[in-house]
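Working notes, beginning with the structure itself.
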Amino acid sequence: MRDAHRLEPVSANLDGGTVLAAWERFVQGEDQVPGVRPLVAISWHRCREQYRVDPHLTEAPVAVAAPDRTPEHDVVFAELGFRAASVAHEVGNLGGVVTVADATGRILAEWGDQATLARAGDFRLAPWFCWSERAVGTNGTGTALEAHGPVPIRGAEHWCQAFHDWVCAGIAVRDVVTREPIAVLNICCWRSQLPVSAESWLANAVTMTQHPLKRRARDSGAELVAAYTRARTRSGAALAAVDTAGKVVIADDTASMLLGVPASTPAVDPTLRWNAGLPELIAAARYATRQAARDPDWVGSTQIFAHLADEPTSISIRPVFSSGHLIGNLVSFGASDGAQLPRAEGPAPPRAQPRRLVAMRDNRMVLLRLPEVSFAESQGNDVWLSTDQGRLRAASPGLDKLDGELADVGFLRVHRRYVVNLGRVREIERGPKGKLSLVMDDRTNEMVPVSRRNAPAVRRALDL
């Protein structure tokens with residue numbers, strides 16, 4: 001490691017007085033946490049409201065399941081192991097340990113001086129134990145799986161009191177296509193601050209680890225375009241190629257209109273692929289990924305609501321492989337070849353219903369009671385909440401996730417961009433051809449459009 005990136009020791013002052021006082025109030029049920037970083041406050045909220053983690057837990061549980069691993073994942077684990085081992089001596093001299101964990105938070109390996117490794121073992125900060133937020137609350141490894149970029153967690157910022165003597169920083173390596181986590185690299189020190197350069201070292205390690213993933217993703221995009229070109233010569237159906245996350249790599253003229261993306265314009269780079277904004281297409285692509293892992297010859301069919309279509313459109317989805325590795329799917333419109341995709345993939349796991357929604361105002365976290373929220377609107381990667389306190393950005397991105405959390409507490413998805421609080425609907429306006437709009441009970445009586453596909457559910461929910 002170059003001198004500029006060496007890990008130099010700093011003072012042992014954890015500065016946890018203000019945070020500790022806020023933690024004590026929060027675990028007792030209070031919501032106001034002045035002096036606590038928003039990232040940490042949001043994590044505490046997940047731990048208390050969603051994961052229900054006991055703040056007095058003293059050790060991590062045994063990991064009970066391992067995620068499916070691909071050869072690319074093994075390359076990531078090996079690369080992170082190499083980088084962790086290269087800095088292990090410096091971290092050990094600071095009384096710290098370096099760990100590598102998988103996407104479930106299960107620690108795979110650790111490095112450090114023997115005394116700190118032994119102390120870490122007392123808390124089960126060791127291989128084969130789980131350090132996800134769901135298992136042990138706010139911590140460097142688990143919170144990195146929930147966030148992007150380096151995540152430092154210092155002293156009393158840990159959700160479990162038993163871990164308040166540790167200072168950690170973790171960062172997740174994410175799949176460059178799906179953005180799902182693959183692994184986490186984490187540094188922990190006992191009763192001492194992390195080196196100033198720790199976060200930049202972690203970020204650099206992940207950047208270097210993702211280089212081969214990005215190259216492979218670009219190559220896969222080119223191979224998907226080639227598979228699409230070959231398929232077009234054999235079929236006259238409208239055709240598109242999508243990656244494993246459901247983003248469009250290329251689509252012909254007809255498919256492009258249905259998907260709302262440019263026609264015949266290859267998007268090989270994973271950061272430039274087209275997002276059609278069709279949740280059913282994304283769900284179908286992800287389902288196809290799981291099925292193809294079990295049966296490479298699997299072909300499926302379903303129906304989706306496409307753009308510019310009043311009725312659902314039949315699609316057939318066929319996985320595409322390269323050197324035995326799934327790289328995406330070919331989607332044929334107007335076709336129904338293959339097994340029907342299930343409408344629901346088995347019973348959903350029980351969800352903890354939130355008492356609050358978390359929003360951001362500048363650098364402050366705002367905890368909203370559910371009745372305070374009129375509706376949620378998706379704009380790009382952000383979700384905005386129309387509330388009695390004004391328009392606020394939701395702390396968690398993704399309208400689909402918010403819809404899932406609120407589905408059983410009086411909220412309803414009425415449009416691909418809107419989720420509404422049914423208790424805040426003041427009026428229903430009927431437009432041409434039976435089109436519905438909801439007039440909300442808020443400051444400005446805002447109107448929320450109802451899509452054709454969601455209209456029957458809205459009528460049932462409002463007894464129309």
Side-chain angles (χ1 to χ4, degrees), residues 1 5-7 59-137 139-147 150-153 158 160 163 166-175 180-190 192 194-195 197-213:
M1 182 178 300
H5 292 104
R6 292 188 67 84
L7 304 180
E59 58 185 25
V62 175
V64 296
D68 294 333
R69 287 170 59 169
T70 68
E72 285 182 339
H73 291 184
D74 289 335
V75 169
V76 169
F77 295 141
E79 178 67 19
L80 290 183
F82 166 76
R83 295 191 176 277
S86 70
V87 78
H89 179 70
E90 294 176 52
V91 173
N93 287 341
L94 305 177
V97 296
V98 189
T99 63
V100 173
D102 64 20
T104 68
R106 179 185 60 154
I107 294 180
L108 303 177
E110 65 179 350
W111 295 261
D113 73 288
Q114 292 304 311
T116 308
L117 288 174
R119 181 177 290 115
D122 294 338
F123 301 92
R124 292 185 171 178
L125 179 60
W128 316 123
F129 293 97
C130 185
W131 282 81
S132 67
E133 272 196 353
R134 187 181 297 274
V136 296
N139 72 93
T141 293
T143 306
L145 289 170
E146 306 271 358
V151 176
I153 302 296
H158 286 85
C160 292
F163 311 143
W166 291 92
V167 177
C168 307
I171 189 169
V173 177
R174 295 181 176 272
D175 186 287
E180 294 296 322
I182 298 173
V184 178
L185 182 62
N186 185 56
I187 299 176
C188 293
C189 286
W190 170 260
S192 63
L194 289 171
S197 59
E199 291 181 41
S200 61
W201 180 83
L202 288 168
N204 180 68
V206 167
T207 297
M208 299 303 294
T209 301
Q210 286 187 317
H211 278 328
L213 297 181

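- Scored by the side chain to side chain donor-acceptor pair (under 3.5 Å) test, Thr209 finds no partners at all (sequence neighbours excluded).
- Between Trp201 atom CH2 and Ser86 atom OG the span is 5.5 Å, to the nearest 0.5 Å.
- For Arg124, the salt bridge (charged side-chain N to carboxylate O under 4.0 Å, His left out) partners at least two apart in sequence or on another chain are Glu59.
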Report task. Decide yes or no on side chain to side chain contact (heavy atoms under 4.5 Å, CB included) for Ile187 and Val91, but give the supporting numbers first. Result -> CA-CA 8 Å; Ile187 299 176; Val91 173; 4.2 Å; yes
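- Counting only heavy atoms from C-beta outward, the side chains of Leu145 and Glu133 never approach each other to under 4.5 Å.
- Listed here is the closest heavy atom pair of Ser132 and Asn139: O-ND2, 4.0 Å.
- With contacts defined as side-chain heavy-atom distances shorter than 4.5 Å, the pair Cys168/Val151 does not qualify.
- Ala183 and Leu80 get closest at one heavy-atom pair: CB-CD1, 3.7 Å.
- With contacts defined as side-chain heavy-atom distances shorter than 4.5 Å, the pair Val167/Trp190 does not qualify.
- Scanning for side chain to side chain donor-acceptor pair (under 3.5 Å) contacts around Asn93 gives His89, with sequence neighbours left out.
- Annotation: side chain of Arg106 is in contact with side chain of Trp128 (closest heavy-atom distance under 4.5 Å).
- By the side chain to side chain donor-acceptor pair (under 3.5 Å) test, Gln210 pairs with no residue at all, sequence neighbours left out.
- Between the Thr116 side chain and the Asp113 main chain, no donor and acceptor come within less than 3.5 Å of each other.
- In this structure the side chain of Trp111 never reaches within 4.5 angstrom of the side chain of Val97, judged on heavy atoms.
- Applying the side chain to side chain donor-acceptor pair (under 3.5 Å) rule to Arg83 yields the partners Glu79; only residues at least two apart in sequence or on another chain are considered.
- For the pair Trp131/Val136, a side-chain contact is recorded, criterion being any heavy-atom separation below 4.5 Å from C-beta on.
- Considering all non-hydrogen atoms of both residues, Pro152 and Pro150 come closest at CD-O, 3.6 Å.
- Residues satisfying the salt bridge (charged side-chain N to carboxylate O under 4.0 Å, His left out) test with Glu146, not counting sequence neighbours, are Arg46.
- If you take CZ on Phe129 and CD on Glu110, they are separated by 10.0 Å, rounding to the nearest 0.5 Å.
- Counting only heavy atoms from C-beta outward, the side chains of Val98 and Leu185 approach each other to under 4.5 Å.
- Of the listed residues (Asp102, Ile182, Val173), just one forms a side chain to side chain contact (heavy atoms under 4.5 Å, CB included) with His73, and that residue is Ile182.
- Heavy atoms only, all atoms of each residue included: Ile171 and Ala144 are closest at N-CB, 3.8 Å.
- For the pairing with Cys188, the side chain to side chain contact (heavy atoms under 4.5 Å, CB included) check across Leu194, Ile153, Leu125 returns one residue only, Leu125.
- Across all their heavy atoms, Ala109 and Pro127 have their closest contact at CA-CG, 4.1 Å.
- Across all non-hydrogen atoms, the minimal contact from Leu202 to Gly170 is CD1-N, 4.2 Å.
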